[in-house]
Amino acid sequence: MMIRFTYLLLSLFAIACAPQSTPSGAPLTELNSPDQLDTLINGYVDSGDVPFLYARVEDRGGHVVYEHGAVNDRLLPSTVVDGDTWIRIWSMSKAITISLALDLIEQDKLSFDAPVANFIPEFASLRVAVTANGDSLLDSDDPANACSGQTVPVAETMTIRHLINHTAGFYYAVTGFPCIDSALAERAVTRATDSDALIADLAALPLIQQPGTQYFYGMNTTVLGLVIERATNRDLHDLVAEIFGEQFGIRDLSYHLPPDETMLPRFSGADGYLREAHPGELDIFGGDVPRYAPSHSLALGGEGMIGTADAYADFLRLLLNDGALNGHQLLEKATIADMVAPHTQLDSDYGHNGYNIWVTSGKLGDGSYGRAGLWVVGGYEGTYGWVDPELGLVGVFVTQVQHASARANGRHDVIREAFYDQVLPERR
């Protein structure tokens, strides 16, 4: 069944199906120096595919192995984008929230099989949207006409494991089923005043499937963040600031924009050229987007974090270094191994999904093969990160755009593979 969430999944996990070439069409084998890697990155910006692009690669000790940025002067005059620029990282928030949950599981404050309703009793009476015949919406070949308005009670207990693995039944407003897309959009959940208000909104909406049925990407990690808040009696923003900021020194990951910082505009290429996005154009929640003002207390654990490329590289190094960073241990080595073990999407030729971390098989969109065994994360406006456990490297690529041109499809794979070819050819 072809529904819109498929595109979102492929972009978030960077399983691009476009031919792996540079913006000019030159094959990667024609690149033969790091300077040409800079030129490759510049090409995506100069050709109008993305408004800016910043790339950063570090070794496990935090030393910068490669760094380059390019900015479209027409769209962002007199603007510098570097490792300290604040970026909306969207679904790259998920790995951080899941790490917090796994830490609580190691402490026996949570368990994989604990019912979600133990922490959010408002979800005790959730219902599931079905077709007129009572079948799952996901079994329909006609999403536009599958909605019946009917719902049935939840038949299986929703657990923490379901939230972590995206099998709980929560979704985004891009499923292609009008009944649930419009219902989520009308709730304007990103405007909820606090976590309790968000829980009330979600409790009033049907699930798209029975919990535990199959993988379906959505607000499952956001709900996991709500569970964490209830389990700890702490605000998610405060937990991130205390654990990652104070303990590990990763201070530039937050749900609130610091008072002396500004956010870059949102851009869209929906009309065939880059421009600032219109209000409501980003559709993941039906038009609303997360808010980052300190006065807005809601922290969306699946989508709402902002941060810098430098800070996110530090978080990736924590995963690379078996759960440790700067003399502190967050997760056990075995837990990190479990994060990247096969859990869902096991029938893909491109790899498998761990706990919202994609592990590459090496197969690229044109049928060729690049580097296998990378741990990949991605976000809605074009952010991307990876861990190379074999060579001890982490990489972060950031931009802020939706509907980039077709020429930019697969750019993360292209740039990453060019990095290995040009900067570390002897380790290829």
Side-chain angles (χ1 to χ4, degrees), residues 22-24 33-58 62 64-90 92-93 250-282 289-296 304-314 378-385 395-405 407-408 411-412 414-416 418-419 423:
T22 70
S24 64
S33 75
D35 288 343
Q36 288 185 294
L37 179 55
D38 295 352
T39 301
L40 170 64
I41 291 172
N42 294 345
Y44 285 109
V45 176
D46 295 342
S47 59
D49 296 314
V50 294
F52 68 88
L53 190 53
Y54 172 75
R56 182 186 190 94
V57 182
E58 298 181 3
V64 177
V65 175
Y66 175 79
E67 180 181 26
H68 183 70
V71 178
N72 184 310
D73 292 332
R74 175 182 66 85
L75 297 172
L76 294 166
S78 303
T79 301
V80 174
V81 178
D82 57 23
D84 296 322
T85 302
W86 283 79
I87 302 290
R88 296 174 292 273
I89 66 172
W90 287 93
M92 288 167 69
S93 311
I250 313 176
R251 301 192 182 279
D252 289 344
L253 292 174
S254 180
Y255 296 96
H256 297 157
L257 183 66
D260 56 341
E261 299 287 347
T262 57
M263 294 299 296
L264 292 164
R266 304 177 191 276
F267 292 97
S268 172
D271 296 330
Y273 62 91
L274 281 181
R275 55 164 172 77
E276 286 199 30
H278 302 314
E281 189 168 8
L282 275 67
V289 292
R291 286 152 171 75
Y292 310 110
S295 59
H296 189 66
M305 182 169 281
I306 54 178
T308 67
D310 184 12
Y312 204 87
D314 287 344
Y380 184 58
E381 283 187 87
T383 53
Y384 176 89
V396 179
F397 302 155
V398 293
T399 190
Q400 301 280 247
V401 64
Q402 265 291 37
H403 305 296
S405 74
R407 291 173 302 186
R411 64 186 179 274
H412 300 312
V414 172
I415 298 169
R416 187 193 67 227
F419 164 78
V423 180

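No hydrogens, no waters, no symmetry mates; every other heavy atom, side chains included, goes into these values.
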Between [X] and [Y], which heavy-atom pair has the shortest distance, and what is it?
X: L76; Y: P265; value: CD2-CD, 3.8 Å
X: Q400; Y: R88; value: OE1-N, 2.7 Å
X: I89; Y: T383; value: O-OG1, 3.4 Å
X: Y44; Y: R407; value: CE2-O, 3.8 Å
X: D82; Y: T85; value: N-OG1, 2.9 Å
X: V45; Y: V71; value: CG1-C, 3.5 Å

Got a salt bridge between E276 and R266, using NZ or NE/NH1/NH2 to carboxylate O under 4.0 Å?
-> no

Got a salt bridge between R56 and D310, using NZ or NE/NH1/NH2 to carboxylate O under 4.0 Å?
->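 Salt bridge flag = yes for D310 with R56.
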
Full working for side-chain contact (heavy atoms from CB on, under 4.5 Å) between W90 and I306 | CA-CA 7 Å; W90 287 93; I306 54 178; over 6 Å; no

After noting the C-alpha distance and the side-chain angles of H403 and D271, does the key distance pass the side-chain hydrogen bond (donor to acceptor under 3.5 Å, both in side chains) rule?
-> CA-CA 9 Å; H403 305 296; D271 296 330; over 6 Å; no

Output yes when a side-chain donor or acceptor of [X] lies under 3.5 Å from a complementary backbone atom of [Y], and no otherwise.
X: T399; Y: F52; value: yes
X: T79; Y: P77; value: yes
X: Y273; Y: G48; value: no
X: H256; Y: H296; value: yes

Contact between [X] and [Y] at the side-chain level, heavy atoms closer than 4.5 Å - yes or no?
X: V65; Y: E58; value: no
X: E381; Y: I87; value: no
X: Y312; Y: M92; value: yes
X: W86; Y: S254; value: yes

Rounded at 0.5 Å granularity, tell me how far [atom1] in [X] sits from [atom2] in [Y].
X: I41; Y: D46; atom1: CD1; atom2: CG; result: 11.5 Å
X: Y292; Y: Y255; atom1: OH; atom2: OH; result: 11.0 Å
X: L53; Y: N42; atom1: CG; atom2: CG; result: 9.0 Å

For the residue pair F419 and Y66, does the interplanar ring angle fall in the parallel (under 30°), tilted (30 to 60°) or perpendicular (over 60°) class?
->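 Because their plane-to-plane angle lies in the 30° to 60° range, the rings of F419 and Y66 count as tilted.
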
Trace of the side-chain contact (heavy atoms from CB on, under 4.5 Å) decision for I415 with L37 = CA-CA 7 Å; I415 298 169; L37 179 55; 4.3 Å; yes

Intermediate values then yes/no, side-chain contact (heavy atoms from CB on, under 4.5 Å), R411 and V50 | CA-CA 10 Å; R411 64 186 179 274; V50 294; 3.9 Å; yes

Step by step, would you call V64 with V57 a side-chain contact (heavy atoms from CB on, under 4.5 Å)?
-> CA-CA 6 Å; V64 177; V57 182; over 6 Å; no

Modelled atom types, side-chain donor and acceptor of S268 and Q402, under 3.5 Å =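 Note: S268 and Q402 side chains miss the donor-acceptor criterion.
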
What do the steps show when you test D49 against S405 for side-chain hydrogen bond (donor to acceptor under 3.5 Å, both in side chains), and what is the final call?
-> CA-CA 5 Å; D49 296 314; S405 74; 2.2 Å; yes

